Amino acid sequence: MNVRTRFAPSPTGFLHIGGARTALFSWAYAKKNAGRFILRIEDTDVERSTPEAVQAILDGMHWLGLDYDEGPFYQMQRMDTYKKVIQGMLDKGAAYYCYSSKDELEVLRESQMQQGLKPRYDGKWRPESGKNLPAIPANISPVVRFKNPQTGVVAWDDLVKGRIEIANSELDDLIIARADGTPTYNFCVVVDDFEMGITQVIRGDDHVNNTPRQINMLNALGATVPQYAHLSMILGDDGQKLSKRHGAVSVMQYHEDGYLKEAVLNYLARLGWSHGDAEIFNMQQFCEWFDLDHITPSAAQFNTEKLNWLNAHYIKESSLDALSADITNRLAKMSVKVAASPDLKAVLNLYRERANNLNQLAADIAYFYALPEASAADVEKHITAEIQPVIKALVEKLLTIEWTAEAIHHAINTVVTENQLKFPKVAMPLRVMLTGIAQSPSIDQVMALLGQKETLVRINSYLA
RNA sequence: GUCCCCAUCGUCUAGAGGCCUAGGACACCUCCCUUUCACGGAGGCGACCGGGGUUCGAAUCCCCGUGGGGACGCCA
């Protein structure tokens with residue numbers, strides 16, 4: 001059978017890190033098995049779904065390169081199908097109308113909770129042979145409930161968690177159509193997974209409890225039950241659950257925050273899944289290796305430090321062309337315009353291996369294109385009165401040399417020797433004058449890139 | 001409360017009964033490199049939740065406990 005997986009987000013917010021991982025795994029599973037990956041937007045909650053959220057999800061997937069073979073399908077556009085199936089179930093007696101009001105159910109729930117019972121529907125309107133149903137109340141539009149089996153167990157071999165069994169006596173008759181006739185989540189999922197021929201449902205852990213109900217409905221429809229793989233959740237850096245109010249951020253935020261998609265993808269792939277000792281691998285490799293057997297069933301804590309490490313790796317790996325395009329944008333956001341000279345690629349080549357973040361990298365090299373301002377503390381510490389004459393002597397030499405890193409190095413060395421100093425004694429003030437801070441790559445290389453004219457202008461601005 | 005799930009270094013994980021004196025990676029510490037800060041290199045610190053079984057032998061299997069999480073909507 002051809003593998004068909006799907007990612008089925010509800011458009012009530014952006015694509016967060018957990019959703020992205022679910023999508024990534026579903027995508028990779030399809031790729032690995034030469035199957036098809038389907039995107040389905042579950043927008044049946046009209047109250048909370050928004051077009052902006054749909055776009056945000058699409059943007060997130062696009063950025064990560066999680067391309068889908070089919071879709072996006074929108075459940076709201078499939079109403080006719082759902083209604084037809086519901087009618088069929090009603091006709092077959094697999095579902096029935098329920099006239100219990102919300103208030104009535106609320107009261108029921110509370111009393112059950114108080115008695116230490118699991119809150120559930122009491123089956124008041126469930127038709128049973130020999131049972132007399134109450135008189136249908138006026139002015140109440142009924143919901144439709146699925147007639148769940150009351151005995152036996154539902155079981156499935158979860159591809160991540162192993163065998164899971166739940167007694168039907170634990171389940172109640174869930175609502176599959178609201179009073180206004182619109183179908184609910186659990187029902188739409190079942191119809192869609194069935195009709196779209198989904199073979200492996202890879203989704204979040206929070207759906208484990210929906211699975212037995214879905215299997216029962218699938219059985220009632222005479223459908224093949226797909227395989228299920230439930231991924232456990234991703235906790236925040238602090239070990240706490242991620243939620244809208246705590247730590248959950250859009251994957252696009254990582255882009256904003258200076259992360260390369262390669263790093264995010266690699267990081268996410270390793271969060272909950274492993275392939276021996278492999279830590280660094282690209283998506284092609286991942287798709288070849290990916291399997292459901294090596295997914296951990298336990299929750300994973302997000303670790304920004306490790307993401308940073310991967311980001312540093314991919315910054316070193318990325319092409320200078322791609323990097324310079326990206327950094328140009330980031331500099332523009334900082335109101336720094338990249339000039340033709342010094343060559344941005346040359347600058348990046350010098351700086352990339354010390355960076356683990358694109359925003360940081362942009363900030364670090366901004367001084368090449370915009371005059372930096374050194375802190376008073378650095379100026380005081382490094383540009384001392386006694387070093388000023390030495391720097392002046394250096395300037396004299398710099399005026400006449402060929403402008404290469406080697407020649408500059410030689411010039412500095414000469415001054416250092418003549419004055420019986422240590423190299424840093426001269427290098428540090430130069431750093432502060434030229435870059436505005438006390439850390440930089442080799443100062444001769446920085447000077448070579450900055451250019452003779454600009455270098456001398458900056459140095460002279462500090463000399464009395 | 002009821003049901004379901006989970007449990008190896010601080011973190012992500014390897015581990016399918018002997019290969020485990022428990023391996024790798026991030027972080028941390030030390031040293032080396034060095035022109036400052038990084039990069040890089042070499043070392044180091046550091047874990048099988050507890051208790052019972054099963055077995056010649058258990059991190060691995062079973063049971064109980066403890067701890068964590070999830071679900072119990074006319075949300076998805």
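Quick caveat: nothing in here was measured; it's all calculated off a predicted structure. Per chain, numbering begins at 1; letters A, B, ... match sequence-line order. As a basis for the values below, the full set of heavy atoms in this structure was taken, side chains included, without hydrogen atoms, waters or symmetry mates.
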| query | Taking the side chain of Ile164(A) as its heavy atoms from C-beta onward, which of C3(B), C4(B), C26(B) lies nearest to it? | reply | C4(B)
| message | Need one value for Lys422(A): base, sugar-phosphate or nothing, where a base atom within 4.0 Å counts as base even if backbone is also close, heavy atoms only. | response | nothing
| Checking all strands, does Ser100(A) fall into the base, sugar-phosphate, or nothing category for heavy-atom contacts under 4.0 angstrom? | base
| task | Output the single nucleotide from C74(B), U35(B), A76(B) whose closest atom is nearest the side chain of Asp45(A). | result | A76(B)
| Nearest-nucleotide pick for Lys316(A), side chain only, options being C5(B), C39(B), G24(B) | C39(B)
| task | Check the distance between G73(B)'s P and Arg213(A)'s CZ and give it to me in whole angstrom. | result | 8 Å
| field | Given G69(B), C26(B), A76(B), the nucleotide with the shortest approach to the side chain of Lys306(A) | value | C26(B)
| Ring centres under 6.0 angstrom apart (Tyr96(A), Phe146(A)) | no
| task | Could you please name the option among C26(B), C74(B), C39(B) that lies closest to any side-chain atom of Lys102(A)? | result | C74(B)
| task | Mind telling me whether Phe281(A) and Trp273(A) have parallel, tilted or perpendicular rings, with 30° and 60° as the class edges? | result | perpendicular
| task | Cation-pi check, Arg145(A) to Tyr97(A): give yes when NZ or CZ is under 6.0 Å from the six-membered ring centre and within 45° of the ring axis, no otherwise. | result | no
| query | Considering Watson-Crick and G-U wobble pairs with both distances under 3.5 Å, what does C3(B) pair with? | reply | G70(B)
| remark: Partner of C33(B) under the Watson-Crick or G-U wobble criteria, both distances under 3.5 Å, comes out as none
| Looking at Asn308(A), Asn357(A), Thr304(A), which hits side chain to side chain donor-acceptor pair (under 3.5 Å) with Tyr259(A)? | Asn308(A)
| note | Scanning all shown strands, the Watson-Crick or wobble mate of A25(B) with both distances under 3.5 Å is U11(B)
Report each atom pair, protein N/O against N/O of nucleotides 13-15 of chain B, whose distance is under 3.5 angstrom.
{"from": "U13(B)", "atom 1": "OP1", "to": "Gly272(A)", "atom 2": "N", "distance (Å)": "2.6"}
{"from": "U13(B)", "atom 1": "OP1", "to": "Thr296(A)", "atom 2": "OG1", "distance (Å)": "3.4"}
{"from": "U13(B)", "atom 1": "O3'", "to": "Ser274(A)", "atom 2": "OG", "distance (Å)": "3.2"}
{"from": "A14(B)", "atom 1": "OP1", "to": "Ser274(A)", "atom 2": "OG", "distance (Å)": "2.8"}

| request: Would you check if there is a donor-acceptor pair between the side chains of Asp59(A) and Gln55(A) at a distance under 3.5 Å? | output: yes
| Are His207(A) and Tyr185(A) close enough that their ring centres sit under 6.0 Å apart? | yes
| message | By nearest atom, which of the nucleotides U36(B), A76(B), A7(B) is closest to the Pro297(A) side chain? | response | A7(B)
| said: Among A38(B), A25(B), C74(B), which nucleotide has an atom closest to any side-chain atom of Glu353(A)? | reply: A38(B)
| Watson-Crick or G-U wobble partner for C49(B), using a 3.5 Å limit on both distances? | G65(B)
| message | What's Pro441(A) touching, base or sugar-phosphate or nothing? Going by heavy atoms closer than 4.0 Å. | response | base
| request: For Leu307(A) and for Glu42(A), locate the closest nucleotide of RNA chain B by heavy-atom distance; then report the residue assigned to the nucleotide nearer the 5' terminus. | output: Leu307(A)
| query | Side-chain N or O of Thr44(A) less than 4.0 angstrom from OP1 or OP2 on A76(B)? | reply | yes
| said: Output the rounded distance in Å from CG (Asn209(A)) to P (C6(B)). | reply: 13 Å
| Short side-chain N/O contact from Arg109(A) to OP1 or OP2 of C72(B), under 4.0 Å | no
| What nucleic acid atoms does Pro119(A) come within less than 4.0 Å of, heavy atoms only: base, sugar-phosphate, or nothing? | base
| request: Start with the C-alpha gap between Phe423(A) and His409(A), add the side-chain angles, then the distance that decides, and say whether ring-ring contact (aromatic ring centres under 6.0 Å, His included) holds. | output: CA-CA 10 Å; Phe423(A) 199 99; His409(A) 185 87; 5.2 Å; yes
| request: In plain terms, say whether Arg40(A) and Glu42(A) are close enough for a salt bridge, that is, a side-chain N and a carboxylate O under 4.0 Å apart. | output: yes
| query | In B/S/- notation, 5' to 3', how is nucleotides 59-66 of chain B contacted by protein heavy atoms closer than 4.0 Å? | reply | --------
| task | Give the rounded distance in Å between these two atoms: CG of Leu174(A) and P of C3(B). | result | 20 Å
| message | Judged by each residue's nearest nucleotide on RNA chain B, which is more toward the 5′ side, Gly162(A) or Leu105(A)? | response | Gly162(A)
| Distance-only donor-acceptor test, Asn303(A) side-chain atoms vs A27(B) base atoms, 3.5 Å | no
| Taking atom C1' of A76(B) as reference, at what distance in whole Å does atom CG of Asn210(A) sit? | 8 Å
| message | With a sphere of 6.0 Å drawn around NZ of Lys425(A), does it hold more than 12 non-hydrogen atoms of other residues, nucleotides or ligands? | response | no
| query | Is the closest side-chain donor-acceptor distance between Thr184(A) and Asn186(A) under 3.5 Å? | reply | no
| query | Checking all strands, does Arg120(A) fall into the base, sugar-phosphate, or nothing category for heavy-atom contacts under 4.0 angstrom? | reply | nothing
Using a 3.5 Å cut-off and no angle test, enumerate the donor-acceptor pairs between side-chain atoms of residues 436-443 of chain A and protein atoms at least two apart in sequence or in another chain.
{"from": "Ser440(A)", "atom 1": "OG", "to": "Arg431(A)", "atom 2": "NE", "distance (Å)": "2.8"}

